[in-house]
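Okay, structure first, notes after.
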2 protein chains.
Amino acid sequence: MRLIVARCTVEYAGRLETRLPEALRLVMVKADGCVAVHSDGGAYKPLNWMTAPNVIEDNSDHWVVRNPKGEAMTITFHEIFHDSDHVFGEDPGLEKDGVEKQLQELLAASPDVMEPGLTLIRREHYTALGPVDILCKDTAGNTVVIEVKRRGEIDGVEQLTRYLVDLANDPSLGTLRGMFVAQSIKPQARTLAESRGIVCVEVDYDELRGKQSDKWTLFNQ
Amino acid sequence: MRLIVARCTVEYAGRLETRLPEALRLVMVKADGCVAVHSDGGAYKPLNWMTAPNVIEDNSDHWVVRNPKGEAMTITFHEIFHDSDHVFGEDPGLEKDGVEKQLQELLAASPDVMEPGLTLIRREHYTALGPVDILCKDTAGNTVVIEVKRRGEIDGVEQLTRYLVDLANDPSLGTLRGMFVAQSIKPQARTLAESRGIVCVEVDYDELRGKQSDKWTLFNQ
DNA sequence: GACTCTATCTCGGTA
DNA sequence: TACCGAGGTAGAGTC
């Protein structure tokens, strides 16, 4: 990674056009050639950037960075205060815990957390409009269409509603019910869901995880 | 801006939990206290970050960065290879030349690009649910409710549908039609739109811009 | 302050 | 490869 601190101006022409007046900034060049221009302010996001793959044309006082899509960023250097290069090697990468996928897995493994007596039909049931997160059967024999979100907002309810409308055309599923499951559900989303006969369920992720590890322990005893 | 190149491990606990195994990385601390950890690969986005406002607790071999929301990022330094500090001063900031807004302006100026005979009623028509991009009248006297996007995706169709439902309560508008306009429209969005009787129109931005400059030339001759 | 919508969204997955 | 959806989305604008 090359780090350059310099007074510079930057222009970008691609999906939109931008200009950066002359100022002191950090120019960061990563191993794969991607270039980012950072100011010292606010955001973690750079002011301008160009992701790989790209080609850096180094004209010493100014660089032109081009990508295959025809976008170009021009950095003009007026005065350089720092220029260093560092070899990092491969990064082992980020491990994540607590994303929607995991929540879905935990719920599919313990459907009765959402409603007593629920049994799993399948996860990721594909429809023309996209995959339904979880399909279950309830004690009365209805098919329960379940949408899982980390945060329950209005677009999740819309998504579930589309699935319900679409799946109503499949007579093999029998009577349908909708269920909206999230760690927390916004009042607006809850109101909309309930006005459409969709049941809302809030679940606790840590509790779920605990339940899962209990099961695991039990299973291995 | 402080730049530290070091072998480090990072943990984040907040909206989710993440771990970064020991590796060589860049730790960037900006003037407002926000901290970002960059690898040498791919993205302009840092692996981990903490935006301002936050408090950095410096225990020399490890930092704990906390924000008021109760999130925390812990950076443990194992070996430091570079550590420098730079004073940037205020950045004059990024100047942008538009995308969707400009597309909207161009379409409002030439409504017949979307459908022959369309005439503009108004732009940015405010409803309880948010502003309708463009309102037009068609040759049959219907009011056409138009949603403009750069890329036409399914949530844009939902947005337009909400406006249509809401505007149906306004008798002064007469018969309503919906129109979804974008540079490109995804198949799923098109399917959903057409199932709701919403017309889909793809427009070419460069062509539109050309048309506009023709008009401009004509006007100034 | 809460809500809404945009983004050079980015990023990952999958058909 | 294109499409689709999640995101610690962030950030701007509006009510």
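Below, chain A is the first sequence line, B the second, and so on; all start at residue 1. Here the structure is a predicted model, which means the values were calculated and not measured.
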Is a side-chain N or O of Asn54(A) found less than 3.5 angstrom from the main chain of Arg66(A), in a donor-acceptor match? no

dT8(C) and dT4(C), which share atom name P, separated by this distance in whole Å: 22 Å

How long is the line joining NZ of Lys69(B) and P of dA10(D), in whole Å? 7 Å

If each of Arg151(B) and Lys186(A) is mapped to the nucleotide of DNA chain C with the nearest heavy atom, which maps nearer the 5' terminus, i.e. the 5' end? Lys186(A)

Check the distance between dG13(C)'s P and Gln102(A)'s CD and give it to me in whole angstrom. 13 Å

Are any of Lys101(A)'s side-chain N or O atoms less than 4.0 Å away from OP1 or OP2 of dA6(D)? no

Secondary structure string for DNA chain D (Watson-Crick or G-U under 3.5 angstrom, | for other-strand pairs): |||||||.|||||||

OP1 or OP2 of dT4(C) sitting under 4.0 Å from any side-chain N/O of Gln188(A)? yes

Among dG8(D), dT6(C), dT8(C), which nucleotide has an atom closest to any side-chain atom of Lys96(B)? dT8(C)

Thr18(A) side chain: which of dT8(C), dT6(C), dC5(C) is closest? dT8(C)

Under a 4.0 Å N-O cut-off, is there an ion pair linking Lys101(A) with Glu124(A)? no

Is Asp91(A) salt-bridged to Arg25(B), cutoff N-O under 4.0 Å? yes

Check whether any side-chain N or O of Asp155(B) sits under 3.5 Å from a backbone N or O of Glu158(B) as a donor-acceptor pair, and report yes or no. no

So if I take every side-chain heavy atom of Leu16(B) and compare against dT10(C), dG8(D), dC3(D), which nucleotide ends up nearest? dG8(D)

Has Tyr44(B) got its ring stacked on the base of dT10(C), with centres under 5.5 Å and planes less than 30° apart? no

Just N and O in the side chain of Arg190(B): are any of them under 4.0 Å from OP1 or OP2 of dC3(D)? no

From Thr9(A), Val10(A), Leu20(A), residue fulfilling side chain to side chain contact (heavy atoms under 4.5 Å, CB included) relative to Thr76(A): Thr9(A)

Would you say a side-chain N or O of Gln104(A) is under 4.0 Å from OP1 or OP2 of dG5(D)? no

Take the protein atom CG of Asp97(A) and the nucleotide atom C1' of dG7(D), then report the distance between them rounded to whole Å. 16 Å

Of Asp155(B) and Pro187(A), whose nearest nucleotide on DNA chain C comes first from the 5' end? Pro187(A)

If the threshold is 4.0 Å, N to carboxylate O, is there a salt bridge linking Arg162(A) and Glu147(A)? no

Fit a plane to each ring of Tyr44(B) and Trp49(A), take the angle between them on a 0 to 90° scale, and name the class: parallel (under 30°), tilted (30 to 60°) or perpendicular (over 60°). tilted

Check whether any side-chain N or O of Lys45(A) sits under 4.0 Å from OP1 or OP2 of dG11(D), and answer yes or no. no

Whole angstroms only, please: what is the CG-C1' distance between Asp133(B) and dT6(C)? 11 Å

Which nucleotide, dT6(C), dT10(C), dG7(D), lies nearest any side-chain atom of Trp49(A)? dT10(C)

From CD of Glu124(B) across to P of dC5(C) the rounded distance in Å is 12 Å

Pair Glu153(A) + Arg190(A): basic N to acidic O under 4.0 Å: no

Students often mix this up, so state it plainly: with edges at 30° and 60°, are the rings of His38(A) and His38(B) parallel, tilted or perpendicular? perpendicular

Starting from the 5' end of DNA chain D, give me the residue, Tyr163(A) or Glu71(B), whose nearest nucleotide shows up first. Tyr163(A)

For atom CD of Glu158(A) and atom P of dT4(C), their distance in whole Å: 12 Å

What is the distance, rounded to the nearest whole Å, between atom CG of Leu20(B) and atom P of dG8(D)? 13 Å

What's the CZ-C1' distance between Arg162(B) and dC3(C), to the nearest Å? 12 Å

Please work out if Met50(B) contacts a base, only the sugar-phosphate, or nothing of the nucleic acid, heavy-atom cut-off 4.0 Å. base

Ignoring backbone atoms, test whether Arg15(A) places a side-chain nitrogen or oxygen under 4.0 Å from the OP1 or OP2 oxygen of dT6(C). no

